Amino acid sequence: MRLDKTLCWDGELTVTRHDRETGVSFIIRLDSTRLGPAAGGTRAAQYASFGEALDDAGRLAGAMTVKMAVSNLPMGGGKSVIALPAPRNEIDQDTWERILTLHAENIDKLAGNYWTGPDVNTNSSDMDIINDTTEFVFGRSAARGGAGSSAFNTSLGVFEAMKATAVHRGLGTLDGLTVLVQGLGAVGSGVADLASQAGARLLVADTDSERLAWARQLGHAIVGIDDVLTTPCDIFAPCAMGGVLDSAVACELPASAVVGAANNVLADDAAAEILHKRDVTYAPDFVTNAGGAFHLVGREVLGWSEETVGARTRGIGDTLAEVYSLAESGDIDTDRAARILARRRIETADSAPRRA
Ligand code: HCI
């Protein structure tokens, strides 16, 4: 039997469902429950094929596994994809609520082995709707007893990662450095704010004209979306979609470092190695963007105060320093080094899988 390559995935479980009425396909992938129940957000997007949606869910679930492990959080990795038949903004509220409810039914059947949360195109209000059907959801609104949006804390973690990376590179503080932020959504705009307050010169790119007007008002310089990967800067911060750095881009990127918020920034296996050879410091995305997980898991599972969430998020700088040190001593790329640290944590965990 010849298997489709998207099915050759070494995670633990894939659940799929199709809804004829809306034309939506649902995918939940549990990459690993070794450290605890699999957790990871629900992404709603259009995909060219079901295979691409499966592949995306698998890669994103895998990123959650290493993120939780390297961040020392007692959760595994999973992710959901809701593959839409039309752009999200063309779906009316009743249809959207039906979609979320069907997704919530699927989550509920997994009986706590998978916990969802907000991701691209889903927010706290959507988590409230999911919570009408299942309890296994992070990031509900505060009114519903949830921790709300994790965007600010994610931005804070990326900012800490930028500071640690600048020090590692011998660039000192962010004051006077040029930071290019790609994507001014909730997380990217927060990163731009924090870097600007620290004295960085901001270059920003987005497809949305309102967001660009906001940036212009703050005095940031605008870079065209087609020029992002060829504009010189000290730190490139990809905060939009993943997959922006393939090998060809890695060969040319005119930056000293890459420190962003997007999940799965690297588009192929060789990109990290190429950046390493060119002495471009790559801060692994699953280390830098863990602030969201600290906020959600910290507040909702571990009972942390805001202060503890803040302290653990600032610790992202220390984790990165560990990654850089391991990469240097082994002359390996930073993505590999961070995966080694994650694997160590997974391998030294209790042999019995834990439940919530
Ligand atoms: C993320 O890191 O992608 C968001 C954090 C998160 C953590 C747990 C469940 C859903 C989302």
Side-chain angles (χ1 to χ4, degrees), residues 27-33 35-45 56-82 100 103-104 107 110 112-128 130-131 134-141 146-158 160-161 183 185-188 190-191 238-243 260-265 283-302 304 309 312-313 316 319 338 342 356:
I27 297 166
I28 301 173
R29 286 196 126 172
L30 277 62
D31 178 70
S32 166
T33 54
L35 295 176
T42 295
R43 173 167 296 203
D56 201 30
R59 285 174 200 276
L60 289 162
M64 290 306 300
T65 299
V66 282
K67 183 182 315 191
M68 296 298 185
V70 86
S71 307
N72 245 323
L73 286 166
M75 304 296 287
K79 204 86 175 190
S80 306
V81 160
I82 299 180
L100 290 176
H103 180 45
I107 293 169
L110 292 168
N113 287 298
Y114 169 67
W115 287 67
T116 199
D119 198 79
V120 174
N121 274 330
T122 60
N123 58 27
S124 285
S125 321
D126 299 326
M127 298 307 118
D128 289 350
I130 288 176
N131 186 228
T134 184
E135 65 180 292
F136 307 116
V137 52
F138 287 113
R140 288 163 299 157
S141 62
S149 169
S150 57
F152 176 74
N153 214 61
T154 308
S155 305
L156 190 65
V158 173
E160 292 298 327
V187 175
V191 170
C239 297
M241 297 303 278
N263 281 308
N264 293 346
V265 163
D285 50 8
F286 60 87
V287 180
T288 64
N289 69 18
F294 283 130
H295 174 80
L296 295 175
V297 178
R299 298 288 291 171
E300 296 191 20
V301 176
L302 303 170
W304 289 353
V309 170
R312 288 294 298 267
T313 302
I316 286 174
T319 306

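Just so you know, ligand 1 is whichever comes first in the structure, and atom 1 is the first atom listed for that ligand. Residues take their numbers from the sequence shown, with the count starting at 1. From a predicted model like this one, the values you see are computed outputs, not experimental measurements.
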Between the candidates Leu73, Val187, Val120, Leu296, which shows the shortest non-hydrogen contact distance to atom 6 (C) of ligand 1?
-> Leu296

Salt bridge (Lys or Arg N to Asp or Glu O under 4.0 Å) involving Glu300 - partner list, sequence neighbours excluded = none

What are the atoms of ligand 1, with element, lying closer than 4.0 Å to any heavy atom of Asn263?
-> 3 (O)

If you scan protein heavy atoms around atom 3 (O) of ligand 1, the nearest is Lys67 NZ, 3.3 Å

Hey, which atoms in ligand 1 end up nearer than 4.0 Å to a heavy atom of Gly40?
-> 9 (C), 10 (C)

With a 4.5 Å heavy-atom cut-off, do Pro118 and Leu296 have their side chains touching?
-> yes

Please identify each residue that fulfils salt bridge (Lys or Arg N to Asp or Glu O under 4.0 Å) with Arg140, with sequence neighbours left out.
-> none

In ligand 1, the atoms that come under 4.0 Å of a heavy atom of Phe138 are 8 (C), 9 (C)

Answer yes or no: does an N/O atom from Trp115 fall short of 3.5 Å to an N/O atom of ligand 1?
-> no

Min heavy-atom dist Gly41 to ligand 1 below 4.0 Å | yes

Does some non-hydrogen atom of Met64 fall short of 4.0 Å from ligand 1?
-> yes

With a 4.0 Å heavy-atom cut-off (strictly under), which part of Thr154 contacts ligand 1: side chain, backbone, both or neither?
-> neither

Run through Thr154, Asn153, Leu156 and flag the one making a side-chain contact (heavy atoms from CB on, under 4.5 Å) with Phe294.
-> Asn153

What part of Lys79, side chain from CB on, backbone N/CA/C/O, both or neither, has a heavy atom under 4.0 Å from ligand 1?
-> side chain

Would you say Ser149's side chain and Ala151's backbone share a donor-acceptor pair under 3.5 angstrom?
-> yes

Enumerate the atoms of ligand 1 whose separation from the nearest heavy atom of Gly117 is less than 4.0 angstrom.
-> 10 (C)

Give me the ring orientation class for Phe138 and Trp115: parallel if the planes are under 30° apart, tilted from 30 to 60°, perpendicular past 60°.
-> tilted

Paired with Lys79, the side chain to side chain donor-acceptor pair (under 3.5 Å) test is passed by just one of Thr116, Asp56, Asp119, Thr42, namely Asp119

